[in-house]
Amino acid sequence: MAAFGTVFTAEMMLAEYSNNQWSEPALVPVNSISLHPGAHVLHYASTCFEGLKAFRHSDGSIHIFRMDKNVARLQQSSELLALPKVDAAMLRQMILDIVKRYAADVPNPPGSMYIRPTHIGTEASIGKAAAPSLSSLLYVLLSPVGDYFAGGAKPLRLLLEDNARCAPHMGMVKSGGNYASALQPIMKARAAVQADQVLFCPNGDVQETGAANFLLIDGNEIITKALDASFLHGVTRDSILTLARDRGMKVSERELTVDELLERAVKPGAEAALSGTAAVLTPVGTLIHNGQEYAVGGGVAGTTTASLRQALNDIQWGKAADTHGWLTKVC
């Protein structure tokens with residue numbers, strides 16, 4: 001497979017909002033979008049998106065994982081960015097229609113079909129810095145992807161930084177600007193200390209990395225920041241925490257300070273991980289803070305992290321019972 005997210009199907013689903021109503025969604029060539037250079041999204045970042053996956057089961061059927069949760073989050077992001085209201089039923093049908101059309105292209109396990117619904121403001125008005133776009137485009141891209149861990153699940157190196165990833169009230173919005181604002185700190189961390197990612201910890205409050213939620217595993221307890229507006233409410237995070245509770249693990253959603261994190265992380269058997277749609281759960285082996293490196297549980301990939309990731313994968317690929325109703329069958 002090519003690099004994650006670089007290959008796309010030839011078509012996508014597209015709907016347009018103008019004159020206070022949505023057009024009928026249509027199947028169009030993937031390169032069919034044309035924007036005015038004064039489009040609101042290009043100047044004032046009126047854009048949000050989602051990331052979810054479709055999986056092929058052993059009987060050949062195709063299932064989408066937690067679609068309703070992602071649809072609801074796109075609705076929320078659109079509302080918080082003052083974009084036109086997204087009709088949930090319309091978006092669900094757009095996703096189902098495009099995945100069904102390209103069902104034959106959904107890879108076998110451990111691959112999947114990555115689904116990227118996107119909503120952008122299109123009104124041509126550079127005078128609307130303080131006003132929302134009255135027109136928009138909603139489209140659904142597909143990208144077949146392979147095994148994220150084809151080269152092995154190498155534990156990551158994280159640099160702890162006393163900065164916020166984005167404006168505190170924008171963290172729960174899955175918007176492109178949040179990712180762009182994290183790029184420079186990540187690039188500097190890679191160059192300075194060979195870190196894979198930055199763990200943003202404003203005022204000592206452990207939040208998230210540039211593109212994933214953070215979890216600390218200490219014995220039978222998972223500790224992660226409690227939901228608020230400052231960081232993304234990850235669907236994978238929620239799924240992993242649910243599976244942990246199913247196993248009888250203690251899940252603590254609360255404030256976690258840098259001091260507590262470093263104290264717990266170096267204990268024998270401690271684990272840390274990043275959760276997200278692409279990799280599900282990625283082990284963290286090293287935390288870097290004030291020029292000092294802290295090996296998390298010895299610096300190796302943890303067994304609980306691997307077990308929880310496998311448990312979620314098994315549900316996605318139909319190898320374990322979907323007791324929470326997370327899968328939507330496409331065909």
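- Side-chain contact, His324 with Asp246: a donor N or O sits under 3.5 Å from an acceptor N or O.
- For the atom pair CG of Leu327 and CE of Met67, the computed distance is 11.0 Å after rounding to the nearest 0.5 Å.
- Hydrophobic cluster membership is shared by Leu42 and Leu137, with clusters built from Ile, Leu, Val, Met, Phe, Trp and Tyr side chains linked at under 4.5 angstrom.
- Lys225 and Glu255 are joined by a salt bridge, as a carboxylate oxygen and a charged side-chain nitrogen come within less than 4.0 angstrom of each other.
- Contact between Leu141 and Val30 at its shortest, heavy atoms only, is CD2-CG2, 3.3 Å.
- In this view, Phe214 satisfies the ring pair (Phe, Tyr, Trp, His ring centres under 6.0 Å) rule with no residue, not counting sequence neighbours.
- Salt bridge status for Arg254 with Glu260: present, with a side-chain N to carboxylate O gap under 4.0 Å.
- Note: the hydrophobic cluster containing Leu142 does not contain Phe4 (ILVMFWY, side chain heavy atoms under 4.5 Å, direct or indirect links).
- Of all heavy-atom pairs spanning Met170 and Leu81, the tightest one is CE-CD2, 3.7 Å.
- For Ile126, the CD1 atom sits in a loose shell: 12 or fewer heavy atoms of surrounding residues, nucleotides or ligands are nearer than 6.0 Å.
- Judged by a 6.0 Å distance limit and a 45° cone about the ring axis, Arg165 is positioned over the six-membered ring of Tyr179.
- Shown here are the salt bridge (Lys or Arg N to Asp or Glu O under 4.0 Å) partners of Asp314, two or more places apart in sequence or in another chain: there are none.
- The residues Glu221 and Arg264 are annotated as salt-bridged, a charged nitrogen and a carboxylate oxygen being separated by less than 4.0 angstrom.
- Under the 30°/60° scheme for interplanar angles, the aromatic rings of Trp22 and His119 are found to be tilted.
- Other residues, nucleotides and ligands contribute only 12 or fewer heavy atoms inside 6.0 Å of the NZ atom of Lys69.
- Rounded to the nearest 0.5 Å, atoms CG (Asp218) and CG (Leu215) are 13.0 Å apart.
- There is no side-chain donor-acceptor pair under 3.5 Å between Ser18 and Ser135.
- Side-chain atoms of Ser23 come within 3.5 Å of backbone atoms of Glu16 as a donor-acceptor pair (strictly under, hydrogens ignored).
- The two residues Cys48 and Leu83 make their nearest non-hydrogen contact at SG-CD1, 4.1 Å.
- Both Leu160 and Leu256 sit in one connected hydrophobic cluster of ILVMFWY residues. Membership requires side-chain heavy atoms under 4.5 Å apart, directly or through other members.
- Panel note: side chain His233, backbone Asp228; a donor-acceptor pair is recorded below 3.5 Å.
- Note: Asn31 CG to Phe8 CZ = 12.0 Å, rounded to the nearest 0.5 Å.
- Using a 30° and 60° split on the angle between ring planes, His63 and His57 fall in the parallel class, below 30°.
- Aromatic ring centres of Phe231 and Phe200: separated by at least 6.0 Å.
- Taking CD1 of Ile62 as the start and OG of Ser112 as the end, the distance is 10.5 Å to the nearest 0.5 Å.
- In the model, Asp259 has no side-chain atom that pairs as donor or acceptor with a side-chain atom of Thr257 under 3.5 Å.
- Side-chain atoms of Arg92 and Thr328 form no donor-acceptor pair, as typed in the model, at a separation below 3.5 Å.
- Here the options are Ile33, Thr118, Leu27, the test is side-chain contact (heavy atoms from CB on, under 4.5 Å), and the partner is Met12; only Ile33 passes.
- Scanning for side chain to side chain contact (heavy atoms under 4.5 Å, CB included) contacts around Val251 gives Leu241, Ala244, Arg245, Glu253, with sequence neighbours left out.
- The main-chain N or O of Val280 is never found under 3.5 Å from a side-chain atom of Arg309 such that the two would form a donor-acceptor pair.
- Leu312 and Leu274 end up in different hydrophobic clusters when Ile, Leu, Val, Met, Phe, Trp and Tyr side chains are linked at under 4.5 Å.
- In the hydrophobic cluster analysis, where Ile, Leu, Val, Met, Phe, Trp and Tyr join through side-chain heavy atoms closer than 4.5 angstrom, Val330 is grouped together with Met13.
- The distance from atom CG of Leu52 to atom CD1 of Ile115, rounded to the nearest 0.5 Å, is 4.0 Å.
- For the residue pair Asn313 and Gln310, no side-chain donor N or O sits within less than 3.5 Å of a side-chain acceptor on the partner.
- Residues Ser175 and Thr47 come closest through the heavy atom pair OG-O, 2.7 Å.
- Asp105 places no side-chain N or O within donor-acceptor distance of the main-chain N or O of Pro144, the cut-off being under 3.5 Å.
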Please walk me through it: do Asp196 and Lys154 pass salt bridge (Lys or Arg N to Asp or Glu O under 4.0 Å)? CA-CA 11 Å; Asp196 298 291; Lys154 178 186 174 183; 5.6 Å; no
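- Here the side chain of Asn108 pairs no donor or acceptor atom with the backbone of Arg56 at under 3.5 angstrom.
- In this structure, His40 contributes its side chain and Ile120 its backbone to no donor-acceptor pair below 3.5 Å.
- Separating the CG atom in Leu156 from the OG1 atom in Thr209 is a distance of 8.5 Å, to the nearest 0.5 Å.
- Between the Thr122 side chain and the Ser136 main chain, a donor and an acceptor come within less than 3.5 Å of each other.
- Scanning both residues, Gly210 and Ala182, for their nearest heavy atoms gives CA-CB, 4.0 Å.
- The nearest pair of heavy atoms linking Cys166 to Gly171 is SG-CA, 3.5 Å.
- Remark: the backbone N or O of Asn203 is paired with a side-chain donor or acceptor of Asp162 at under 3.5 angstrom.
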